[in-house]
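What you see below is based on every heavy atom in this structure, not just the backbone, and it leaves out hydrogens, waters and symmetry mates.
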Amino acid sequence: MSAWTLPAYLRQFDEPAGYLDFARVGPVSADVRTVLTRSAELMHGQGLAALDELDRSVARTARTAAELLDCLPHEIAFVGSTSHGMFAAAHAVRGEGVVLVGRDDFPGAVYPWLRAADHGRLAVRLIDGPVTADSVRAHLDDRVRAVSVCAVDSATGFRAPLAAIKEVIGPDRVLVVDAIQALGAVDFDADAADVLASGGQKWLRAGWGAALLMVRDRVAGLLEPGLGGWSGVIDPIGASHHPRPPRPGAVAHTLTNPDGPAVAALGAALELVRAVGVGPINARIGETLDALLAAARTVGARTAGGGAAGPGERPAGAGSATGSGIGRFRLPGADPQAVHEALTAAGLATTLRTPWIRLSPHASTDRPDAVARLTGALGAVPTG
């Protein structure tokens with residue numbers, strides 16, 4: 001696909017006015033809708049030809065994902081969700097020892113490690129507060145085999161300093177990254193991730209059913225296919241005996257074949273991001289979020305996070321709450337539930353995480369409309 005301008009990218013979308021909840025789920029693009037419809041028609045009218053075409057789309061999606069993440073296509077596989085990918089990672093790190101996990105990370109990035117520990121895998125050592133290079137260094141010892149972190153925190157918008165964390169832990173430990181709140185909207189240090197999982201239903205706007213799982217060759221010797229199923233072994237059907245050896249690359253960590261139409265939709269979403277570039281998308285998101293938070297402050301709200309990152313800016317060792325697309329506000333003296341209800345009545349889709357209201361617009365958000373709705377709704381909320 002040739003490079004697109006940002007206006008051409010924006011014409012792909014038609015979400016409801018006032019939709020500010022992309023950190024929860026993103027309405028899909030026109031291209032994704034077309035791909036899903038085409039896949040359904042293909043499966044309706046074809047037999048093995050449908051399988052062949054879907055297999056080709058899986059290969060194309062792997063190449064696109066590899067280009068965006070600066071890895072090789074065989075280092076990309078597809079699973080059902082981000083959580084699936086994180087469970088695969090939690091069961092893959094070889095040997096005995098400890099994994100460092102953020103206590104306050106999204107539960108989907110925490111429970112895979114807790115459940116794996118229950119089954120004899122790495123013991124979990126929880127880190128309080130944001131996972132930074134300094135907090136990792138403070139917990140680092142010879143028992144630590146891996147660090148798990150969310151590239152962007154879903155509640156606060158904190159961007160983890162992935163490059164700094166990887167530098168601290170070195171090449172003999174595995175950095176596992178949950179990237180669903182970053183991929184497609186945030187310029188982050190994906191090259192620092194040894195293992196990365198991301199679904200497509202949020203900022204990528206690809207819908208549910210498929211997530212990419214990146215496993216870099218550089219950590220192959222530190223992993224084993226703990227959740228690898230028949231799709232992850234060599235010649236599983238033609239073989240006369242089992243178990244079979246694992247296939248090379250990320251596919252060794254898959255349970256079964258992926259959902260072909262969902263992967264095709266994910267591929268369409270990734271193609272759009274590749275065509276326009278993450279930078280322009282992130283800049284537009286940041287400008288809109290800044291405007292929304294500024295509007296909230298005019299009526300007395302206290303705000304946190306948000307703001308546009310500079311071109312190519314990535315968080316240093318301490319991390320950053322800017323440039324993620326996620327911001328928060330609270331209205332002193334007002335009941336948070338009442339505030340959220342007022343926003344909903346004004347046609348604004350947001351998330352309530354008491355006492356904060358989370359805002360997560362996208363590049364396609366109608367900024368003047370959203371700002372006017374927010375200002376009007378907050379101005380009418382009684383404060384005591």
Side-chain angles (χ1 to χ4, degrees), residues 10 12-29 104-108 150 152-159 180-182 184-186 199 201-205 207-208 281-309 321-384:
L10 297 178
Q12 282 279 320
F13 305 107
D14 190 27
E15 70 267 16
Y19 191 85
L20 304 175
D21 213 4
F22 287 88
R24 185 175 184 185
V25 61
V28 304
S29 67
D104 298 325
D105 276 353
F106 187 77
C150 293
V152 171
D153 181 73
S154 65
T156 65
F158 175 79
R159 293 189 298 152
I180 194 169
Q181 292 291 3
V186 177
Q201 75 270 25
K202 298 184 186 293
W203 301 95
L204 282 173
R205 309 180 70 160
W208 284 271
I281 296 172
N282 181 257
R284 176 90 170 205
I285 292 171
E287 291 164 2
T288 297
L289 184 56
D290 277 344
L292 290 166
L293 294 175
R297 288 192 294 270
T298 64
V299 294
R302 296 181 181 176
T303 64
T322 62
S324 68
I326 295 174
R328 301 176 294 160
F329 74 87
R330 58 188 179 91
L331 197 58
D335 174 34
Q337 182 64 42
V339 174
H340 190 245
E341 290 174 358
L343 298 177
T344 302
L348 293 170
T350 62
T351 288
L352 171 62
R353 291 193 174 181
T354 305
W356 297 94
I357 304 290
R358 185 183 69 185
L359 303 175
S360 52
H362 209 288
S364 56
T365 299
D366 184 335
R367 189 184 310 163
D369 178 86
V371 166
R373 290 172 187 248
L374 182 67
T375 304
L378 293 182
V381 174
T383 57

Please report the closest heavy-atom contact between [X] and [Y], naming both atoms and the distance.
{"X": "L293", "Y": "G305", "value": "CD1-O, 3.4 Å"}
{"X": "P368", "Y": "D366", "value": "CD-OD1, 3.3 Å"}
{"X": "A301", "Y": "P332", "value": "CA-CD, 4.2 Å"}
{"X": "F13", "Y": "P27", "value": "CD2-O, 4.4 Å"}
{"X": "N282", "Y": "A185", "value": "ND2-O, 2.8 Å"}
{"X": "P336", "Y": "I357", "value": "O-CD1, 4.1 Å"}

Exercise. Can you run down the side-chain hydrogen bond (donor to acceptor under 3.5 Å, both in side chains) pairs that involve residues 294-309, sequence neighbours left out, and say none if there aren't any?
Key: R297-T303
Quiz prompt | By side-chain contact (heavy atoms from CB on, under 4.5 Å) - contacts of R284 (at least two apart) | solution = L6, L10, A363, R367
Exercise. List in chain and number order the residues that pass side-chain contact (heavy atoms from CB on, under 4.5 Å) with A304, two or more places apart in sequence or in another chain; answer none if no residue qualifies.
Key: R328, W356
Would the distance check show the side chain of [X] and the main-chain N or O of [Y] forming a donor-acceptor pair, the cut-off being under 3.5 Å?
{"X": "S324", "Y": "G157", "result": "yes"}
{"X": "Q201", "Y": "G26", "result": "no"}
{"X": "T156", "Y": "D153", "result": "no"}
{"X": "S360", "Y": "G325", "result": "no"}
{"X": "K202", "Y": "A23", "result": "yes"}
{"X": "D290", "Y": "G306", "result": "no"}

Practice problem: Apply side-chain contact (heavy atoms from CB on, under 4.5 Å) to the pair Q181 and V186, showing each step before the final yes or no. | Solution: CA-CA 8 Å; Q181 292 291 3; V186 177; over 6 Å; no
For the atom pair [atom1] ([X]) and [atom2] ([Y]), what is the distance rounded to the nearest 0.5 Å?
{"X": "L343", "Y": "L352", "atom1": "CG", "atom2": "CG", "value": "9.5 Å"}
{"X": "L20", "Y": "T365", "atom1": "CG", "atom2": "OG1", "value": "5.5 Å"}
{"X": "W203", "Y": "I281", "atom1": "CH2", "atom2": "CD1", "value": "11.0 Å"}
{"X": "T350", "Y": "L359", "atom1": "OG1", "atom2": "CG", "value": "6.5 Å"}
{"X": "L292", "Y": "T288", "atom1": "CG", "atom2": "OG1", "value": "6.5 Å"}
{"X": "Q337", "Y": "T354", "atom1": "CD", "atom2": "OG1", "value": "7.0 Å"}

Quiz item: Among pairs that include at least one residue of residues 341-355, which meet salt bridge (charged side-chain N to carboxylate O under 4.0 Å, His left out), considering only residues two or more places apart or in two chains?
Solution: none
Quiz item: Listed by chain and number, what are the salt bridge (Lys or Arg N to Asp or Glu O under 4.0 Å) partners of D21, not counting sequence neighbours?
Solution: R358
Scan the side chains in residues 372-379 for donor-acceptor partners under 3.5 Å anywhere in the protein, sequence neighbours excluded, and list what turns up.
from: R373; atom 1: NE; to: D369; atom 2: OD1; distance (Å): 3.3
from: R373; atom 1: NE; to: D369; atom 2: OD2; distance (Å): 2.6
from: R373; atom 1: NH1; to: A346; atom 2: O; distance (Å): 2.9
from: T375; atom 1: OG1; to: V371; atom 2: O; distance (Å): 2.9

Self-check item: Distance-only polar pair, side chains of S364 and E15, donor-acceptor under 3.5 Å
Solution: yes
Self-check item: Chi angles and distances behind the side-chain contact (heavy atoms from CB on, under 4.5 Å) call for I180, F106
Solution: CA-CA 11 Å; I180 194 169; F106 187 77; over 6 Å; no
Self-check item: Derivation and outcome, side-chain contact (heavy atoms from CB on, under 4.5 Å), residues C150 and F158
Solution: CA-CA 9 Å; C150 293; F158 175 79; over 6 Å; no
Quiz prompt | Derivation and outcome, side-chain contact (heavy atoms from CB on, under 4.5 Å), residues F22 and I326 | solution = CA-CA 9 Å; F22 287 88; I326 295 174; over 6 Å; no
